[in-house]
Every structure is written in structure tokens, then in C-alpha cells.
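What follows is a set of notes on a single structure, which appears directly below.
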Amino acid sequence: MGIVDEFDHVAPRLRGKKEGTFAYFTVRDRWPKIVTSLVDQLTRKRDALIEQHGEDASADIADILEKFSRLRYEIMTDKPLINFPESGPDGKMWHDWMEELKTAVMPNDVEELTYFKGPWLFVECYLYRFIYSAFLATKKLADMDYFEDSKRKNFLDHLDQVEEAVAFLMKITAKDSPAHEMFGIHQILKSSLWGNRADMSLTGGDDHTMKMSSIAASVQLKDYILIDDVNWLMVKVLAPLQANPQKLKNRRIDIVLDNAGVELCADLMMAEFFLARGFADKVVLHGKAIPWFVSDTTENDFNWTVDSLHLAGQQSAKLGEQIKKRVEKMEIIYKADLFWISPHPYCDMQEKAPELYEELTTSSLVIFKGDLNYRKLVGDRDWDLNTSFKKAVRGFDPCPILALRTLKAETIAGLTDDVLKVLLEKFDEDNSWMTSGEYAVCQLGGVPPIEE
């Protein structure tokens, strides 16, 4: 991770110190709320956890609560970040990254690495790693997924929407289904896109129930997609994959997951669509190795969701069984590289995680889901809005990439002058469109630009 580079002047990294920005609001309000919700959860579950794990859990809970009380105070008073009290699988790397940043967060070493002054992406990843550290250091609660309840509730709150979407998937992937591939691709990709609206980290862990199914949203919300490269994706990537003139048997598509719950269901549908309609021989799903950003998908979330699809209805039960068969045949694979829980932008992947980068070069398409992945793609920087996506990803080019993101942070690149004009007329100087989750992008990179 470069400490200071030429892009710090062209497109500064987002930080929480600038009042009025979404980053400032996040540090001031959302992070303390998330920590408080964890305190409330542990207090509420204390007796049950002690009954499950024994009296050692009582001391564990007291230790975690003390750390969270101090964490909340240090966030709100903008204290410097401290090293984790345990090593963990990535502890040494975090220690090194923090030492690197502590004395050089800003040019000329003018500021400390604190919650408000540090780079927002780095500090937000640090926060969730600190939360994990508090549990990891305990005797009995090291394996606890402290976000599990809210993720499962998000799934259970959307059973009707899930069944409606899966029923649509089954119709367009049936053997006797007419081959309207462009229609199907738009519906499935945008169902996955709008599933990203149900992001619990944005609400500080509060429930966020979608009012319409993601399939309905894919039709009704088309005017809210600021960049829509799906047609070009079909021309340059998906159509050649499906035609498969070389009769390849190792065609691979990767999906870098975001949220569990209803969004994961839409992503599983997308994986099944690619396999059933002959766009890929294998789909690799990349999730998180630990509980992350409140609602991000872990392997346990993946397995639980597949096992629980039958709760949504008959069609969803069929999908669950089909996915289990594909997992057995290694047509769907779940992975969780530690790089996905690092604070690095993806332009650093080739240096920091060369094996992962090399693996992605074997893919025909990598789909990056959600806001955090987008922030990492563009370095979480304040780019001019019409900066090209190619420039903003700064050389990250393992293969064609597609970002499916509803906007929840004040960073974006690649907007056209026409789109900027419409946004300016509607919002003037108000940037709320960048953080409300109402607008979205289906943004393609790693292929030649759209031909006019």
C-alpha cells in the first residue's frame, strides 16, 4: 500500500475528518452505533452463552464489553489506532501496515493515524478487524459470528421475494425455455445488483427489508442505473463464452460476494444462471474469512443459506438442491482469501496477493458485488466524477471485470457528461445521491471501451 503517491493530489483518499461528508457521518454516528449494537447483543445473550460454553464465557463477555466500551470512546474522541492484542491469521500483516501508516498517513507526516484522520477505507477495515480481535482473544467465543443473527433475519424477512425471484430463474433456465439471453442476462444481473440495497452496515445493523423483489426492481429501477454496460458485457464477454467455439471445458466466472441474506440468494441465482445457460463450466464465489462489515458473506452464511432455501418455497428448495449438487461436482466453489479482509485497494493485489491475482487471470469474468468492493476497485478516492473507470482502477486488470454496485459512498468514476448534467439539475450541490443506495452502476472494465 503506497503511503503517499501522485494520486493523493489528483484524487485524495476519503477521510472522516471533513465535516458534512458521508465518511464523517460514518465515523461519528454509524461506527459507534455498530459497536453499541454488539454490546447490546452480548448483554442480551449473556446467560445463553454461559449456559452453552460454561463459566469461562462470563469472563470472556466481560473482557469484550470492556474493550468495546473503550473502542466506542476512542472512535468518538478520535484517538490513534492501536495494535491488536492477538496475532490471528493476519495479525502480523496488520501490525506492519499500521507501522507503515502511523508516521506517514499524510504528506510530511503531519497527522496521526486516528479514526477521523486516517484513510477511511483503512480505518473501517481496521474497525471490523478490531471487533474480530476482541472475540478471537477469548477462551470460548473465538469462533462466534456476532453478526449471524442479523444476517439470517435478513434472509428470513425476504422469503416471499426470494421465491418470486427463484421462480423466474427456473422459468428462464428450463430446458424448454426460449433462448432470450439478453433479456435473461439483464434480469439476473440487475436482480443481483438491486439485492445489494439490503446492506445492514449502512443502517448500523438495523433491519433493512426490501419492499419489492430484486427481480421486480431489475425492471422498475432501470432509470436509476447511472452506468449500464450489460449490453457491452454480452457482446465482448458472455456471448463468446456461450458460443465456446474452442469447445473449452474450463470456462470460469468469479463472483466476489458482498452481503449475506437476500443479496446472497440473488448471487446464487446468478451463479446458477451462468452454469445452466452455458456461459461457464465453473463459478467461484469469493467471501470473507471472518465476520465483516456487519452483513458480508462467510462460508457459514453460504452453507446455511443453501440449506435454508427450502424455507422460501418449492422453487427455492429445488434451487438449493441444485446448488448442493453443483458444489459436490465442484461447479460452484466457495473461497475466502485473506486479501478480501485486508485494507488494500485492488490495484495492490498483484503485489500483496500475487497468487490470488494470478488465479483471477484464469477467469473469463470477475463480478465485484457491492459498495466495499467498488471502493477498493477505485481506491476509495475522491475522483473527478468523469474520470475513466480504467484510470480509477489504476492497472487492476487480471481479466474482464464487472462492478455491480448500489452507491453508498462518495466515490465513483466513469460518469458521462450527460449523466452528470441530469444529476446536477436534480441535486445541485447535494451529494446524497452518492450514498443513498438509490442509484447504481453496472460498470465493465478490462475490455475495450464501448464502440460508438
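Just so you know, these numbers come straight off a predicted model, no measurement behind them. Computed from heavy atoms alone, side chains included, the values below leave out hydrogens, waters and symmetry copies.
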### Message
Is it true that, when you exclude Glu358 itself, more than 12 heavy atoms of the residues, nucleotides or ligands shown sit nearer than 6.0 Å to its CD?
### Response
no

### Task
Fit a plane to each ring of Phe396 and Phe368, take the angle between them on a 0 to 90° scale, and name the class: parallel (under 30°), tilted (30 to 60°) or perpendicular (over 60°).
perpendicular

### Summary
Minimal heavy-atom distance between Pro240 and Met234, with the atoms involved, is CD-O, 3.9 Å

### Message
Around atom CG of Asp143, are there more than 12 heavy atoms from other residues, nucleotides or ligands closer than 6.0 Å?
### Response
no

### Message
Which residue is it: Asp382, Asp8, Asp380? I am looking for the one with a salt bridge (Lys or Arg N to Asp or Glu O under 4.0 Å) to Arg13.
### Response
Asp8

#### Entry: Check: Tyr146 and Leu141 side chains under 4.5 Å, non-hydrogen atoms
no

### Non-hydrogen atoms of Leu275 and Glu331 that approach each other most closely
CD1-O, 3.8 Å

### Task
May I ask you to test the Arg277-Glu181 pair for a side-chain heavy-atom distance under 4.5 Å?
yes

### Task
Would you please test Asp254 and His286 for side-chain hydrogen bond (donor to acceptor under 3.5 Å, both in side chains) and show each step?
CA-CA 7 Å; Asp254 290 63; His286 299 269; 2.6 Å; yes

### Query
Is the NZ or CZ atom of Arg129 positioned over Trp292's six-membered ring, under 6.0 angstrom from the centre and within 45° of the axis?
no

### Task
Might you point out which heavy atoms bring Val419 and Leu226 nearest each other, and give the distance in Å?
CG2-O, 3.7 Å

### Message
For Val162 versus Ser316, what's the shortest heavy-atom pair and its separation?
### Response
CG1-OG, 3.8 Å

### Message
Check this for me, if you would: do Lys153 and Asp149 make a salt bridge, where the nitrogen-to-carboxylate-oxygen distance has to be below 4.0 angstrom?
### Response
no

### Query
So does Phe68 have more than 12 non-hydrogen atoms from other groups sitting under 6.0 Å from CZ?
yes

### Query
Within a reach of under 6.0 Å around NZ of Lys18, are more than 12 heavy atoms found that belong to other residues, nucleotides or ligands?
no

### Residue pair Leu136 / Gly88: nearest heavy atoms and the distance that separates them
CD2-CA, 3.7 Å

### Task
In sequence, state the C-alpha distance, the side-chain angles, and the governing distance for Glu351 and Tyr357, and then conclude on side-chain hydrogen bond (donor to acceptor under 3.5 Å, both in side chains).
CA-CA 9 Å; Glu351 174 192 352; Tyr357 187 90; over 6 Å; no

### Ring centres under 6.0 angstrom apart (Tyr224, Trp433)
no

### Query
When you check the side-chain N and O atoms of Asn196 and Asp258, is any donor under 3.5 Å from an acceptor?
yes

### Query
Of the non-hydrogen atoms in Ile323 and Ile332, which two are nearest, and what is the gap between them?
CG2-CD1, 4.1 Å

### Message
Counting only heavy atoms not in Lys79 (residues, nucleotides, ligands), do more than 12 fall under 6.0 Å from its NZ?
### Response
yes

### Query
When the ring planes of Phe130 and Tyr126 are compared, do they come out parallel, tilted or perpendicular, using 30° and 60° as the limits?
tilted

### Task
Give a yes or no on whether the ring-centroid distance for Trp340 and Tyr346 is below 6.0 angstrom.
yes

### Residue pair His53 / Asp60, side-chain donor-acceptor N/O under 3.5 Å
no

### Query
Is there side-chain contact between Thr416 and Asn386, with at least one heavy-atom pair below 4.5 Å?
no

### Query
Charged N to carboxylate O under 4.0 angstrom, Glu66 versus Arg70?
yes

#### Entry: Within-4.5 Å side-chain heavy-atom neighbours: Glu124 and Phe293
yes

### Query
Can you find a heavy atom in the side chain of Cys399 that is under 4.5 Å from one in the side chain of Val366?
yes

### Message
Looking only at side-chain N and O atoms, does Thr298 offer a donor or acceptor that is under 3.5 Å from a partner on Asp301?
### Response
yes

### Query
What orientation do Phe155 and Trp304 show, parallel under 30°, tilted 30 to 60°, or perpendicular over 60°?
perpendicular

